K.L.:
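Just passing along the structure, written as structure tokens.
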Amino acid sequence: MFGHSMLLRISKYFLLTLFVLSVFLYLLKIESRLVEKQSNNCVPQRKYALYGRHVNHFPGSGYITNKVNLATSGLPYVPTAFKLPNQKGEFKDYAFKNPEKLFVIKSNNHRGINIRKITDVDLEVEGTFVQEFIDEPLLIDGYKFDIGVYIVITSIDPLRAYLYDGDVLLRFCPEKYEPLDVNNTDKYVVHDNYRPVWEVASLAKHFKNSGFGMKASLDTYLKSQGKNPEEIWQQAYEAIRAILLSKEQALVTTTEAYPSKRSFFELMRFDFALDRYFRMYIMEANMSPNLSSEHFPPNRLLYLQVIYSTLSLVGLGRRGHTDNTEMTWLQAPLETEAAMKDIVVFPEICGKCTSCNEQRCKLCLWCLDKNEELKETLFFAHREFMNRHFYRRIIPPPLSEAEAKSGYEAIEGLTEINQIMHEWIRGKCLLDKSWC
């Protein structure tokens with residue numbers, strides 16, 4: 001016979017099972033409502049892009065985050081590097097021509113780095129590379145540091161990417177940089193056990209005492225040194241754009257095997273170093289950035305806001321309704337987010353269009369009605385913009401009102417779908433300055 005305690009446990013498990021099953025059936029009922037056809041005035045949304053159907057990681061995102069490929073890409077803002085053993089000859093020539101340069105050896109297989117003399121580098125090890133060391137870093141209170149910038153890729157084809165503008169992650173080396181000792185990596189490597197911003201006096205007075213974020217604290221410090229912080233951030237934006245554009249086609253090719261490219265997004269963090277001449281360098285791109293504040297509890301707010309803004313941006317945290325309505329955010333019709341009136345652009349041109357073969361005419365109502373795929377693409381782009389929270393668009397890049405009137409300069413070098421996306425952003429900018 002079952003004892004009283006055993007029956008009590010069984011009852012609890014039974015009730016818990018019923019509760020979980022009821023929640024599942026309720027969500028299933030809501031989802032079935034969402035996949036119903038929307039009104040003709042609304043841009044339809046396909047089932048695969050509904051709540052809970054997104055994956056954080058595009059297939060092939062390693063093309064961006066692979067350490068060797070990034071370091072040896074030859075892109076702007078990336079310190080000179082050589083892949084071993086393939087480029088050992090080029091490395092020897094470069095080292096001979098630049099005898100004053102220091103180099104670090106890195107690997108895809110581990111995170112550690114060390115400064116070494118060229119005579120101490122094993123040039124035959126596969127999967128490694130040597131990279132020029134930034135030997136004149138900007139120091140704050142004597143400490144070297146890096147700057148973590150969060151971005152989200154929301155679409156590959158066309159390419160759309162956003163940068164988290166609410167804050168950055170500042171991490172300092174545990175020990176002061178000078179005098180440099182190549183055998184003491186605590187002086188020049190940012191470890192997991194890094195020195196946090198609130199332990200650096202020149203920034204702590206803004207971060208800890210005045211309540212500012214890390215970015216605002218750094219900006220205030222840079223201004224006190226007679227520098228314009230916006231020039232530094234602009235370098236970061238340009239560097240990230242260059243990397244993403246260079247890898248776009250590889251990502252497009254990789255995702256072609258999947259039924260929908262809209263099932264994915266990518267949150268990553270780019271780590272930058274800053275030298276004493278205020279030049280930014282990309283050091284690494286992290287596919288799965290740490291968002292746990294267990295080691296550094298004061299980072300909790302940053303991580304929470306990054307997560308919240310990311311979920312909002314990609315449509316997994318849509319804004320709710322007021323208490324005065326019976327509709328929940330899951331049940332709200334999609335035209336509350338965007339209707340065709342929010343999508344169409346270039347009113348002066350659309351009235352004169354005679355063919356959907358003209359690029360700008362493709363963005364007119366009667367052409368969009370013939371192109372469901374493009375219509376959905378613009379719907380998602382509109383939703384991202386409205387739900388971006390602390391994110392700012394970096395691809396397509398921001399543009400001034402004057403640029404909006406004249407057009408993007410680099411649009412001719414883009415794929416057709418990217419050209420259309422750039423043109424649509426330009427059209428939205430002409431109608432509403434906040435889109436610029």
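Side chains included, hydrogens not; waters and symmetry mates left out as well; all remaining heavy atoms used. Values in this document were obtained by computation on a predicted structure and should not be read as measured data. Sequential numbering from 1 along the given sequence is applied to the chain's residues.
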K.L.:
Taking the six-membered ring where the residue is Trp, are the ring centres of F264 and H57 under 6.0 Å apart?
P.N.:
no
K.L.:
So S400 and E403, side chain to side chain contact (heavy atoms under 4.5 Å, CB included) or not? Walk me through it.
P.N.:
CA-CA 5 Å; S400 65; E403 290 171 330; 3.3 Å; yes
K.L.:
Would the number of heavy atoms belonging to other residues, nucleotides or ligands and lying under 6.0 Å from CD of Q225 be above 12?
P.N.:
yes
K.L.:
Under 4.5 Å between any side-chain heavy atoms of E238 and P76, yes or no?
P.N.:
no
K.L.:
Going by heavy atoms in the side chains, are L251 and I156 under 4.5 Å from each other?
P.N.:
yes
K.L.:
Can you find a heavy atom in the side chain of N56 that is under 4.5 Å from one in the side chain of F265?
P.N.:
yes
K.L.:
Does the plane of the ring in Y94 sit parallel, tilted or perpendicular to the ring in F82? Use 30° and 60° as the thresholds.
P.N.:
tilted
K.L.:
Determine the sole option in N299, L302, V149, L301 for which the side-chain contact (heavy atoms from CB on, under 4.5 Å) test with D167 is passed.
P.N.:
L302
K.L.:
Can you find a heavy atom in the side chain of L70 that is under 4.5 Å from one in the side chain of T65?
P.N.:
no
K.L.:
So does D271 pair up with R171, basic N to acidic O under 4.0 Å?
P.N.:
yes
K.L.:
Between the main-chain N or O of Y308 and the side-chain N or O of S312, is there a donor-acceptor pair closer than 3.5 Å?
P.N.:
no
K.L.:
Carefully, step by step, assess V104 and K106 under the rule side chain to side chain contact (heavy atoms under 4.5 Å, CB included).
P.N.:
CA-CA 6 Å; V104 293; K106 302 182 183 180; 3.7 Å; yes
K.L.:
Start with the C-alpha distance between C436 and C429, add both sets of side-chain angles, then the distance that settles disulfide bond (SG atoms under 2.5 Å apart), and finish with yes or no.
P.N.:
CA-CA 5 Å; C436 297; C429 174; 1.7 Å; yes
K.L.:
Should E175 and R195 count as an ion pair when the cut-off is N to O under 4.0 Å?
P.N.:
no
K.L.:
Output, in order, the C-alpha distance, side-chain angles, deciding distance and verdict of side-chain hydrogen bond (donor to acceptor under 3.5 Å, both in side chains) for R392 and Y237.
P.N.:
CA-CA 11 Å; R392 62 183 291 179; Y237 307 154; 3.2 Å; yes
K.L.:
Search all heavy atoms of Q235 against all heavy atoms of F278 and return the closest pair with its distance.
P.N.:
NE2-O, 3.0 Å
K.L.:
What distance separates M283 CE from I134 CD1, expressed to the nearest 0.5 Å?
P.N.:
5.5 Å
K.L.:
Quick check for you: to the nearest 0.5 Å, what is the distance between L291 atom CG and L267 atom CG?
P.N.:
6.0 Å
K.L.:
Considering only distance and modelled atom types, tabulate donor-acceptor pairs under 3.5 Å from the side chains of residues 199-209, sequence neighbours left out.
P.N.:
{"residue": "S202", "atom": "OG", "partner": "D141", "partner atom": "OD1", "Å": "2.5"}
{"residue": "S202", "atom": "OG", "partner": "D141", "partner atom": "OD2", "Å": "3.3"}

K.L.:
So do E100 and N98 actually touch side chain to side chain, heavy atoms under 4.5 Å?
P.N.:
yes
K.L.:
Shortest non-hydrogen contact from K67 to E284?
P.N.:
CE-OE2, 3.3 Å
K.L.:
Distance check, rounded to the nearest 0.5 Å: K88 atom NZ versus D93 atom CG?
P.N.:
12.5 Å
K.L.:
Passes side chain to side chain contact (heavy atoms under 4.5 Å, CB included), L363 versus I420? Steps please.
P.N.:
CA-CA 8 Å; L363 297 171; I420 293 174; 3.7 Å; yes
K.L.:
Say you draw a straight line from CH2 of W424 to CG of L378; how long is it, rounded to the nearest 0.5 Å?
P.N.:
5.5 Å
K.L.:
So for atom CZ, which belongs to F212, do other residues, nucleotides or ligands contribute more than 12 heavy atoms lying within a distance under 6.0 Å?
P.N.:
no
K.L.:
I need the single residue from L169, I140, L170, L218 that forms a side-chain contact (heavy atoms from CB on, under 4.5 Å) with V197. Which is it?
P.N.:
L170
K.L.:
Looking only at non-hydrogen atoms, find the nearest pair between Y143 and C173 and report the distance.
P.N.:
CD2-O, 3.5 Å
K.L.:
To check you understand the geometry: which heavy-atom pair defines the closest contact between Y188 and Y177, and what is its length?
P.N.:
CB-CE1, 4.0 Å
K.L.:
Salt bridge between R426 and E423, side-chain N to carboxylate O under 4.0 Å?
P.N.:
yes
K.L.:
Using the rule given for salt bridge (charged side-chain N to carboxylate O under 4.0 Å, His left out), can you reason through E136 versus K144, listing the C-alpha separation, both sets of side-chain angles and the distance that settles it, and then say yes or no?
P.N.:
CA-CA 10 Å; E136 293 186 279; K144 182 186 175 184; over 6 Å; no
K.L.:
Is the shortest side-chain N to carboxylate O distance from D181 to K187 below 4.0 Å?
P.N.:
no
K.L.:
In Å and rounded to the nearest 0.5 Å, what is the CZ to CG distance from F129 to N69?
P.N.:
9.5 Å
K.L.:
Taking SG to SG, are C364 and C356 separated by less than 2.5 Å?
P.N.:
no
K.L.:
So do the side chains of E266 and M287 get within less than 4.5 Å of each other, counting heavy atoms only?
P.N.:
yes
K.L.:
In a table with atom names and distances, give each donor-acceptor pair under 3.5 Å that connects a side chain of residues 157-166 to protein atoms at least two apart or in another chain.
P.N.:
{"residue": "R160", "atom": "NE", "partner": "E384", "partner atom": "OE1", "Å": "2.8"}
{"residue": "R160", "atom": "NH2", "partner": "E384", "partner atom": "OE2", "Å": "2.8"}
{"residue": "Y162", "atom": "OH", "partner": "E384", "partner atom": "OE1", "Å": "3.0"}
{"residue": "D165", "atom": "OD1", "partner": "K215", "partner atom": "NZ", "Å": "2.8"}

K.L.:
So, does N286 use its side chain to make a donor-acceptor pair with the main chain of S288 at under 3.5 Å?
P.N.:
no
K.L.:
Does any non-hydrogen side-chain atom of P137 lie less than 4.5 Å from one of L274?
P.N.:
no
K.L.:
Show the numbers, then the answer: is there a side chain to side chain contact (heavy atoms under 4.5 Å, CB included) between Y281 and D275?
P.N.:
CA-CA 8 Å; Y281 298 90; D275 72 12; 3.2 Å; yes
K.L.:
Backbone N or O of V306 within a donor-acceptor pair of the S309 side chain at under 3.5 Å?
P.N.:
no
K.L.:
Give me the atom names and distance for the closest heavy-atom approach of S246 to L75.
P.N.:
OG-CD1, 3.5 Å
K.L.:
May I ask you to check whether H295 and N290 show a side-chain donor-acceptor distance below 3.5 Å?
P.N.:
no
K.L.:
Considering non-hydrogen atoms only, spot the tightest contact between V344 and L431 and give its length.
P.N.:
O-CD1, 3.9 Å
K.L.:
Does atom CZ of R279 have more than 12 heavy-atom neighbours from other groups under 6.0 Å away?
P.N.:
yes
K.L.:
Any donor-acceptor pair under 3.5 Å linking the side chain of K428 with the backbone of D342?
P.N.:
yes
K.L.:
With ring pair (Phe, Tyr, Trp, His ring centres under 6.0 Å) as the criterion, how do F296 and Y194 come out once you've worked through the C-alpha distance, each side chain's angles and the decisive distance to 0.1 Å?
P.N.:
CA-CA 10 Å; F296 294 110; Y194 59 86; 4.4 Å; yes
K.L.:
With rounding to the nearest 0.5 angstrom, report the NE2 to OG1 distance, H422 to T415.
P.N.:
9.0 Å
K.L.:
Under a plain distance cut-off of 3.5 Å, with no hydrogens placed, do Y391 and T310 share a side-chain donor-acceptor pair?
P.N.:
yes
K.L.:
Flag the pair R393 / I395 as yes when at least one side-chain heavy-atom distance between them is below 4.5 Å, and no otherwise.
P.N.:
no
K.L.:
With the threshold set at 4.0 Å, does a side-chain nitrogen-carboxylate oxygen contact exist between E416 and K362?
P.N.:
yes
